[in-house]
Structure formats: C-alpha cells, structure tokens
Peer 1: 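Let me give you the structure first, and then I'll get to my questions.
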Amino acid sequence: MVPPAEMKQDPLPDRLVMGLSKISLAMKSRTWRRQGRKGVGPLQMQVLTYLKSCPGQAATISTIARELAVKLPTASEVIRTLADKGLVRRRQSETDQRVVKVCLTAKGAKAGTTESAWPELLAAATTQLTPQEQINLLTALVKMIYGLQQQGEIPVARMCVSCAHFQPNEHKGTAQPHHCRLFDAPFGDQALRLDCPEYVSAQATRAKEA
Ligand code: SF4
C-alpha cells in the first residue's frame, strides 16, 4: 500500500484554496438565503452557488452530485426543481451528445459574479505563507469546514477527520502522528485530505472526537 503522505495528491496550497473555496461556498449560500430568495432551499442554493464558480457556469449532474457530496438521484431532483423555476437549464454537451450539462440561466446567475475571482486570489495569497503557516491554516480550515458541516451549512466533504479509516494521534509525539487504516500508514497534518476518493464516512461521534 502507498502511504497517504506519498500518494499523488494536490499540493498543500491547492488544498488550502479548496478549503477556503468550500467556506466561501457556504458564505455565498448564506448570503443568498439572507437576500430572501424565498422558495429556494439550501441544497438548491448550493447547486446555484457551485455552478457560478464553474467555467462557463455549467457542470454535469454527476459532477454536481460529487462536489456537493449527494447521491445522483438527489442531485437530479434538485436540478429538475431549479429548471422548473427557470434558474438552470439542461443542454447536451457540444463534445459528447450523451452528456447533459446543467447551466445557469440569466435569472440563476443574477446573484452576482463579484466573487468569481476568489480561487485565483486565494491561490496567490496562500503561496505567500511559509510551509508551517500553510500547515497551520490547513488544520484550522479542516476544523472550520467540519464545524460548518455540523451546522448543515455545507455538504459533508470527504475529509480525513470524518473518515472511518482515520486514527488521529495514533503515533503521538512523532512528525506523522495520524494513521490511515486503509493505507496502513502514518501521516502528519500537512497530508490531511479535504477530498479523498477512498473516504468512508465515520460515525458522527468518532468524527467529532477526531
Ligand atoms: S480520507 Fe480516509 S482513506 Fe483517505 S487518506 Fe484520509 S483517512 Fe485515509
């Protein structure tokens, strides 16, 4: 097995941007709710907010389901509702007729695009931090994201801290204090994952302890 720390994964600055973007997504969804867009539920809000951050303001249903960590039928249902409200429309991909893309309509995009440059701005800002500062920020972000998940502000992300394979502080006092049972390997805070394909959801109580 390949240890998680050595697995091919996004560099630390990229994971920081991903973490900040998740928080930004939650904030933007909240702003929409505060703006009183009645009749648009939290998950519908998250789909609209996610689409706004996508290139061309469009994505496939499976991508939306994966990014929001919901099942495909759930994503399809939400998109159907949004289409009925005129906030999104479905169209066939130009490159592959079998693929259906979901696009924001003008009405759906109306909530503003002022924050579309967030990822680039954040990427530039995070590279200004020292390696240790980046690790500290990643750890803090994981904690914040988990808290927002508990409040139902953002969907459950596939992070180490809420994974059934995660054993925090198994090797206390070492440079790699945590352990991944799946890969049977130790790893440190700098290797904490925010979106691991091998993720298996842990019991809520275990995740909270982690
Ligand atoms: S999310 Fe789970 S499987 Fe993936 S590296 Fe972390 S502990 Fe291991």
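One-based numbering, in listed order, for ligands and for the atoms of each.
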Peer 1: Can you name the one residue among I135, L141, V142 that meets side chain to side chain contact (heavy atoms under 4.5 Å, CB included) with T139?
Peer 2: I135
Peer 1: Report whether any nitrogen, oxygen or sulfur of C180 sits less than 2.8 Å from atom 4 (Fe) of ligand 1 (N, O or S, backbone or side chain).
Peer 2: no
Peer 1: I need the atoms of ligand 1 closer than 4.0 Å to a non-hydrogen atom of R193, numbered in the order shown.
Peer 2: 5 (S)
Peer 1: Provide the number and element of each atom of ligand 1 under 4.0 Å from a heavy atom of C163.
Peer 2: 1 (S), 2 (Fe), 3 (S), 7 (S)
Peer 1: Side chains of Y50 and T63: donor-acceptor distance under 3.5 Å anywhere?
Peer 2: no
Peer 1: In the structure I gave you, are the side-chain heavy atoms of K172 and P177 within less than 4.5 Å of one another anywhere?
Peer 2: no
Peer 1: Could you confirm whether H165 has any N/O/S atom lying under 2.8 Å from atom 2 (Fe) of ligand 1?
Peer 2: no
Peer 1: If we count only N and O atoms by modelled type, under 3.5 Å, do the side chains of D184 and H179 hold a donor and an acceptor together?
Peer 2: yes
Peer 1: Between C160 and ligand 1, which part of the residue brings a heavy atom under 4.0 Å of the ligand: side chain, backbone, both or neither?
Peer 2: both
Peer 1: Under 3.5 Å, side chain of Y199 to main-chain N/O of S162, donor-acceptor pair present?
Peer 2: yes
